[in-house]
Amino acid sequence: MENMFRLMASEEYLSDRRCLWVNGPVIVGAGPSGLATAACLRDQGVPFVVVERSDCIASLWQKRTYDRLKLHLPKKFCQLPKMPFPDHYPEYPTKRQFIDYLESYANRFEIKPEFNKSVESARFDETSGLWRVKTTSAGEEMEYICRWLVVATGENAERVVPEINGLKTEFDGEVIHACEYKSGEKFRGKRVLVVGCGNSGMEVSLDLANHNAITSMVVRSSVHVLPREVMGKSTFGISVMMMKWLPLWLVDKLLLILSWLVLGSLSKYGLKRPDIGPMELKSMTGKTPVLDIGALEKIKSGDVEIVPAIKRFSRHNVELVDGQRLDIDAVVLATGYRSNVPSWLQESEFFSKNGFPKSPFPNAWKGKSGLYAAGFTRKGLAGASADAVNIAQDIGNVWREETKRQKMRRNVGHRRCISVA
């Protein structure tokens, strides 16, 4: 509270902006990372405020994912701290089941985000030693003052839309990003080009083919495709187990051998593997290998055609770099997402220009001056959960120590009053 008084003395406040002192951290983002951090703080007895730009928790899952989506990893690798998935959930929960789980999680830990609050800026005030977080909601400004700031907006806050010759200026067909795609039903019988061959691109292509769309998928570069399971066991689970005992290069060798035994050679279908192994590549760049759930069968059967990079679009077709032209009716951009942290966080020591912490895992969760990051490890929900536990313990330790000192000061003051009386 002393910091708050110094802040009020150091600057003149605008009368048209509401200010709120938060006696604990402000968490920006009510996705899985923000919810996990809030739950762990609740367990530590630390008060907090969660601000969220959307009108619901987990808005990416609720509003920007396709209908057939399921968790790509077994549920034990995706559960948040202090609450497992229900026993009756399948090994790979559906989108609806995961959303229900998150809503139950928020209710259990009494997490009530302040919705429709878009963070415009957040900066550390050197004079007061506090963070100032400015938000807007329906034209109304609010400024939160706090000692700790937790950035939990995630790796996928904003869609990535590449600049492609003619796509915006000449092509007459429908163009959507994968975050707007819901089902292949509306594309039945249409010629659809999917741009991108990651997990989203593969699954959208599979869904389109299942709905009898004439589907082509652009593969510009090499990609690792692994079976989701090997002999009924999760490929990811196998890799996690092996990495406890074996060096990374050997784990990759074994994964590629298992993949070849299950899937066969993929190069003849236009899918070339990178020179670097799948787990090493993910460790170095964050690029996740594709876990196949049926798209390869469609590729091998010809229901999904693999095509090279795009040269340009015209009114009703696309020209590829190898000279061939395809007539198309619609384009789905499965071109990924990016962090939006640089657009609002006024800080350059902890976060880099790409919106990720500069320090590698496992040290990417804590910065200086009470700044924390949850969910930027490129290690999925398990990484976000680990961040949440670390952040809450770190803040909780300081919180308990300060609370103890405050009680001691109050007790000393009380004894002085009694002696004077």
Side-chain angles (χ1 to χ4, degrees), residues 25-39 48-72 78-80 83 85 93-122 133-140 142 144 149-161 176-183 198-200 203-204 332-345 355-356 373-378 380-381 383-385 387-388:
V26 167
I27 302 170
V28 182
S33 301
L35 296 178
T37 305
F48 56 83
V49 168
V50 180
V51 292
E52 165 59 44
R53 66 178 177 177
S54 187
D55 60 358
C56 62
I57 64 168
S59 62
L60 175 64
W61 281 86
Q62 298 216 50
K63 298 187 175 184
R64 293 186 285 160
T65 50
Y66 36 91
D67 295 340
R68 63 162 289 128
L69 180 63
K70 294 182 179 181
L71 293 179
H72 288 159
C78 300
Q79 64 191 26
L80 300 186
M83 182 175 148
F85 282 100
T94 65
K95 165 186 171 178
R96 183 65 256 170
Q97 287 172 326
F98 186 57
I99 292 170
D100 288 345
Y101 166 77
L102 293 177
E103 290 177 341
S104 297
Y105 191 85
N107 289 333
R108 175 173 176 176
F109 294 101
E110 299 180 334
I111 304 168
K112 299 176 181 179
E114 299 193 6
F115 293 118
N116 300 307
K117 296 284 182 73
S118 178
V119 176
E120 300 298 315
S121 68
V133 184
K134 297 179 182 179
T135 68
T136 58
S137 177
E140 180 179 318
M142 168 78 82
Y144 297 86
L149 176 65
V150 180
V151 179
T153 47
E155 304 167 2
N156 304 315
E158 305 290 346
R159 71 188 76 178
V160 172
V161 179
I176 63 172
H177 192 273
C179 67
E180 301 167 285
Y181 179 91
K182 297 301 178 185
S183 167
N199 278 296
S200 293
E203 194 158 357
V204 167
V332 180
L333 298 172
T335 45
Y337 301 86
R338 61 176 175 83
S339 165
N340 68 0
V341 174
S343 68
W344 57 269
L345 181 62
F356 284 78
F376 291 88
T377 62
R378 292 189 172 100
L381 293 166
S385 294
D387 288 342

Going through the checks in order, is the side chain to side chain contact (heavy atoms under 4.5 Å, CB included) test met by F109 and L35?
CA-CA 9 Å; F109 294 101; L35 296 178; over 6 Å; no
Yes or no on side chain to side chain contact (heavy atoms under 4.5 Å, CB included) for D55 and K63, after CA distance, side-chain angles and deciding distance?
CA-CA 10 Å; D55 60 358; K63 298 187 175 184; 2.5 Å; yes
Set out, in order, the CA-CA distance, both residues' side-chain angles and the distance that settles side chain to side chain contact (heavy atoms under 4.5 Å, CB included) for F376 and V151, then state yes or no.
CA-CA 9 Å; F376 291 88; V151 179; 3.9 Å; yes
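Between F98 and C78 the shortest heavy-atom distance is CE1-O, 4.3 Å. The minimum heavy-atom distance between A30 and P113, with the atom names listed, is CB-CG, 3.9 Å. The minimum heavy-atom distance between C179 and Y337, with the atom names listed, is CB-OH, 3.2 Å. Closest heavy-atom contact between S339 and F356: CB-CE1, 4.2 Å. Closest approach of F85 and L71 over heavy atoms only: CZ-CD1, 4.0 Å. Heavy-atom minimum distance, G375 versus D387: N-OD2, 3.0 Å.
Atom NZ of K112 sits in a sparse spot, with 12 or fewer heavy atoms from other residues, nucleotides or ligands closer than 6.0 Å.
No side-chain heavy atom of V332 sits under 4.5 Å from any side-chain heavy atom of Y66. At a threshold of 4.5 Å between non-hydrogen side-chain atoms, the residues Y144 and V28 do not count as touching. Side-chain contact between I57 and V50 is absent, with no heavy atoms from C-beta onward closer than 4.5 Å. Side-chain contact check for F48 versus V150: every heavy-atom pair is 4.5 Å or farther apart. For the pair Y105/P32, no side-chain contact is recorded, criterion being any heavy-atom separation below 4.5 Å from C-beta on.
Rounding to the nearest 0.5 Å places CG of L381 at 7.5 Å from OG of S33. Once rounded to the nearest 0.5 Å, the distance linking NE2 of H72 with CD of E203 reads 4.0 Å. If you take NZ on K95 and CZ on R68, they are separated by 12.5 Å, rounding to the nearest 0.5 Å. With values rounded to the nearest 0.5 angstrom, L333 atom CG is found 12.0 Å from S200 atom OG. Between the OG atom of S104 and the CE atom of M83 there is a distance of 5.0 Å, given to the nearest 0.5 Å. Between atom NZ of residue K117 and atom CD of residue E140 there is a gap of 7.5 Å, rounded to the nearest 0.5 Å.
The backbone N or O of T65 sits less than 3.5 Å from a side-chain atom of K182, completing a donor-acceptor pair. Listed for the S137 side chain is a donor-acceptor partner under 3.5 Å among the backbone atoms of N116. Counting only distance, with no hydrogens or angles, the side chain of S118 and the backbone of T136 share no donor-acceptor pair below 3.5 Å.
A salt bridge is defined here as a Lys NZ or Arg NE, NH1 or NH2 lying under 4.0 Å from an Asp or Glu carboxylate O, and E155 with R378 fails to meet this definition.
Residues meeting the salt bridge (charged side-chain N to carboxylate O under 4.0 Å, His left out) test with R96, sequence neighbours left out: D100, E103. In this view, E52 satisfies the salt bridge (charged side-chain N to carboxylate O under 4.0 Å, His left out) rule with no residue, not counting sequence neighbours.
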